[in-house]
There are 2 protein chains.
Amino acid sequence: MLTKKGLKEFCADARENYLPHISIDCVVFGFHEGIMKVLVLKVQNEDEWYLPGGFMLKNEPIEMAANRILKERTTLDKIFLQQFNVFGDPERSKEHFDMYKDMLPAKENWFSNRFLTIGYYALVDFFETNPNPDQFAESCEWRGLDDLPDFKLDHALILKTALDTLRLQLNYQPIGYNLMPKEFTMPELQKLYEAILDKKLDRRNFQRRMLGFGILTRSDEPRKGGAHKAPYLYSFDLENYEAALKEGFKGGW
Amino acid sequence: MLTKKGLKEFCADARENYLPHISIDCVVFGFHEGIMKVLVLKVQNEDEWYLPGGFMLKNEPIEMAANRILKERTTLDKIFLQQFNVFGDPERSKEHFDMYKDMLPAKENWFSNRFLTIGYYALVDFFETNPNPDQFAESCEWRGLDDLPDFKLDHALILKTALDTLRLQLNYQPIGYNLMPKEFTMPELQKLYEAILDKKLDRRNFQRRMLGFGILTRSDEPRKGGAHKAPYLYSFDLENYEAALKEGFKGGW
DNA sequence: TACAATTGTGTCATTAATACACTATGATTT
DNA sequence: AAATCATAGTGTATTAATGACACAATTGTA
C-alpha cells in the first residue's frame with residue numbers, strides 16, 4: 001500500500017479512529033533451533049526494517065491494542081505480552097516526519113506528528129506463529145539475534161531494551177513456558193536460557209536447579225528417533241510454575 | 001485556581017502547548033524516621049488526593065517533562081527518575097471526564113479527553129525536599145505508606161505498582177543512594193530496606209552483606225549526641241556503587 | 001551506679017552455587 | 001558384530017552465601 005490514494009485513506013481513517021501521538025511497537029521473541037529470533041518487517045522496495053507495531057483505537061485498552069496488532073502479524077490470539085518502556089524522544093519522530101512527506105501535505109499526513117511509542121515484548125511459540133506483513137511491508141519474517149537487519153527509527157534501541165528487560169525478568173516471568181513448545185527436552189530448555197543470557201551454562205547445574213524449582217513434569221516416554229541417546233521430555237506444570245513466579249525464582253534478601 | 005476563567009485559560013493554554021491524551025504521574029518516595037513516605041496533593045475543598053503529575057510539552061522529552069513537573073513540586077533539580085509503567089485503561093479516564101464538567105463544555109475542557117499516563121517513580125532526599133502544591137491543589141505533603149489517603153482516579157494503583165517495581169529493583173537501582181542523606185548509620189540504612197520490603201531483617205546479616213558489596217565508606221568519626229552508643233557514619237562510595245549496580249547485586253544464573 | 005536502649009561484632013549450621021568426570025544409549029562406521 | 005561418535009543422564013566434592021543466634025561495648029537516664 002503505497003499509492004497516494006491509499007495513503008490518504010489510511011491517514012483519514014487513522015485520524016478518525018486512532019489516538020494521536022501514540023503508537024505501539026512490539027518485540028516478538030520466538031525460539032528456534034537454539035537461536036532467539038525476533039519478528040521483523042521489511043519496507044516495500046527498501047532495505048529498511050522495522051518492528052511490528054500500530055496504533056491504539058480511541059477507546060481501546062493498551063494491551064488490547066497490542067494484542068490486536070500482534071494477532072494480525074502472527075495469527076496468534078492469546079499472546080504473552082509485557083509492557084517494558086515508552087520511547088518518546090522528540091528526535092525519534094523526525095524520521096517519522098519524513099515518511100511520505102512528498103505524497104501528502106503535513107496537515108493531512110498522520111505520520112508528520114510526534115509519536116510516543118509504547119514498547120511491548122511478546123513471547124510466542126515459534127512453531128505456532130504465521131508471520132504476516134502489514135500494509136506497509138513487503139515481508140514479515142523471523143531474524144536471529146545474531147543476524148539482525150538495520151532498523152528504521154529507534155527500533156534497534158527498542159529491541160535492545162526489550163532484550164535487556166527480558167534478561168532481567170528471566171527469573172520473574174514465565175519466559176520458558178511461553179517460548180517453548182508443549183514438550184521439550186532439558187538440553188533444549190537450556191539452549192533457550194543460553195540464548196537469552198548469551199552465555200554457556202553447565203548442563204548438570206542447570207538441570208539440578210531447574211528441577212529444583214519443581215515446575216517441570218517429566219514425561220514417561222523419552223523422545224525417540226533422534227540420532228543419539230533418547231532424551232526425556234518435559235512439560236511445564238503450569239500451576240506450580242505460576243506459584244513459583246509469584247515469589248520469583250531467586251531470593252534477594 | 002478554580003474559577004471558570006482560570007480553568008478556561010488553563011485549558012486553552014494546555015491545548016496549545018501540551019501533547020493531548022498523555023500525562024505523567026509521579027510517585028515521589030522519601031524516607032523519614034524509619035518510614036517510607038510519598039508526596040501527595042490534596043484537592044481544594046475536597047477530601048480527595050492525587051499524585052504529583054502534569055503534561056508534556058509538545059516537543060519535550062518525556063523524562064524532561066517529569067523533571068520539570070517534579071521541580072515545581074519539590075524545588076529539586078536533579079532527581080532520580082525511573083519510568084515504570086503506562087496506565088491506559090479507558091475506564092481510568094471516565095473520572096477525568098467529570099472534572100470541571102459543569103464549568104466548561106466538553107469541547108473546551110482539556111480534561112474531557114482520554115489520557116494515558118506515564119508512571120515515574122522518583123527517589124529524593126526527604127530533607128532536601130520542599131513540597132509545593134500545584135494550581136489545583138490545596139496542599140502538598142508527605143504521607144507514610146502506612147497512612148495513605150484515598151486517591152482519585154487510578155492513583156492508588158499507580159502507587160502500588162511503583163512500590164512493587166521499587167521492591168523488584170532494589171538490587172538493580174541505586175535506591176539507597178538516592179533516598180539516604182549524605183551520611184547515615186547502618187541501622188538507618190537497614191530501616192530503609194525494611195521499610196521498602198516491609199519486613200524485618202537481621203542486623204548482623206544485613207551489615208555483613210551491605211559491607212560485602214564494597215560500596216560504603218565508613219567515616220572516621222561516629223555520630224555523637226545520640227541517647228545511646230554512638231553509631232558509625234557511612235556514606236556511599238558512588239564509583240563502586242555504580243560499578244556494582246551494572247552487575248546487579250545478586251547473581252541469577 | 002545500676003539500668004535501659006542501642007550499636008558493634010563473631011561463629012556455627014545450613015543451603016546454594018560451582019567445578020568437574022564418568023556411564024548410558026542409539027545411530028553410524030568398519 | 002565391534003568400535004566409534006555424539007549426545008543424554010547422573011553424582012560428588014569444594015567453595016561461597018545465607019540464616020540463625022549471643023554477647024560485649026557505649027551512652028544517657030533513673
Side-chain angles (χ1 to χ4, degrees), chain A residues 33-35 167 170-172 176 180-181 183-195 197-235 244 247-253, chain B residues 33-35 167 170-172 176 180-181 183-195 197-235 244 247-253:
Chain A
E33 292 181 347
I35 293 175
R167 282 178 183 144
L170 195 50
N171 295 311
Y172 299 99
M180 297 302 283
E183 292 201 306
F184 49 88
T185 68
M186 193 60 76
E188 286 167 356
L189 184 61
Q190 183 179 337
K191 286 199 188 80
L192 170 64
Y193 275 72
E194 290 178 338
L197 297 169
D198 195 27
K199 67 174 170 187
K200 286 269 166 217
L201 301 172
D202 182 273
R203 253 162 13 95
R204 291 153 288 190
N205 296 337
F206 178 83
Q207 165 142 336
R208 172 153 39 103
R209 193 166 159 200
M210 264 297 157
L211 293 178
F213 293 141
I215 55 173
L216 294 178
T217 310
R218 191 166 91 174
S219 160
D220 295 332
E221 293 302 310
R223 168 176 298 169
K224 287 172 183 170
H228 307 288
K229 175 169 181 176
Y232 288 105
L233 285 169
Y234 293 87
S235 57
E247 297 299 308
F249 286 156
K250 307 270 309 174
W253 300 104
Chain B
E33 291 181 348
I35 294 174
R167 281 177 185 144
L170 195 49
N171 294 312
Y172 299 98
M180 299 300 285
E183 292 200 304
F184 49 88
T185 69
M186 192 61 75
E188 285 166 357
L189 184 61
Q190 182 179 339
K191 286 198 187 81
L192 170 64
Y193 274 73
E194 290 178 337
L197 297 169
D198 195 26
K199 67 175 169 186
K200 285 272 166 212
L201 301 172
D202 181 273
R203 256 167 3 100
R204 292 153 287 189
N205 296 338
F206 179 83
Q207 165 143 340
R208 179 176 31 160
R209 196 165 157 201
M210 264 297 157
L211 291 179
F213 294 141
I215 55 173
L216 294 178
T217 310
R218 192 166 91 174
S219 159
D220 294 331
E221 293 301 309
R223 169 175 297 169
K224 291 173 181 168
H228 307 289
K229 176 167 181 176
Y232 288 105
L233 285 168
Y234 293 87
S235 57
E247 296 301 307
F249 284 157
K250 306 269 311 172
W253 299 104

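Only a predicted model underlies this, so the values are computations on that prediction, with no experimental measurement involved. Reminder, nothing fancy here: chain letters follow the sequence lines and each chain counts from 1.
The nearest whole Å value for the distance from the CE atom in Met186(B) to the P atom in dG8(C) is 8 Å. Residue Met210(B) contributes atom CE, which lies 16 Å from atom P of dT9(C) at whole-angstrom precision. One atom, NE2 of His228(A), and another, P of dG26(C), lie 13 Å apart when rounded to the nearest Å. In this structure, CZ of Arg209(B) is placed 14 Å from P of dA20(D), rounded to the nearest angstrom. Here the P atom of nucleotide dT6(C) and the CD atom of Gln190(B) are 13 Å apart, to the nearest Å. One interatomic measurement links the two molecules: CD of Glu188(B) to C1' of dT7(C), which rounds to 12 Å at whole-angstrom precision. Rounded to an integer number of Å, the gap from CG of Leu201(B) to C1' of dA17(D) is 16 Å.
Going from atom CD of Glu183(A) over to atom OH of Tyr234(A) covers 12.0 Å, rounded to the nearest 0.5 Å. Between Glu188(B) atom CD and Leu233(B) atom CG the span is 8.0 Å, to the nearest 0.5 Å.
With Gln190(A) contributing its side chain and Leu201(A) its backbone, the two residues share a donor-acceptor pair below 3.5 Å.
Where Ala227(B) and Lys229(A) meet DNA chain C, the nucleotide closest to each residue was compared, and Ala227(B) sits on the side nearer the 5' end.
A salt bridge links Glu194(B) to Lys200(B): at least one charged side-chain nitrogen sits closer than 4.0 Å to a carboxylate oxygen.
For the residue pair Arg223(A) and Phe184(A), the shortest heavy atom distance occurs at NH2-CA, 4.3 Å. Considering all non-hydrogen atoms of both residues, Gly34(B) and Ala195(B) come closest at O-CB, 4.0 Å.
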Set out, line by line, the N/O atom pairs under 3.5 Å between protein and nucleotides 10-16 of chain D.
unit_1, atom_1, unit_2, atom_2, d
dT10(D), OP2, Gln207(A), NE2, 3.3

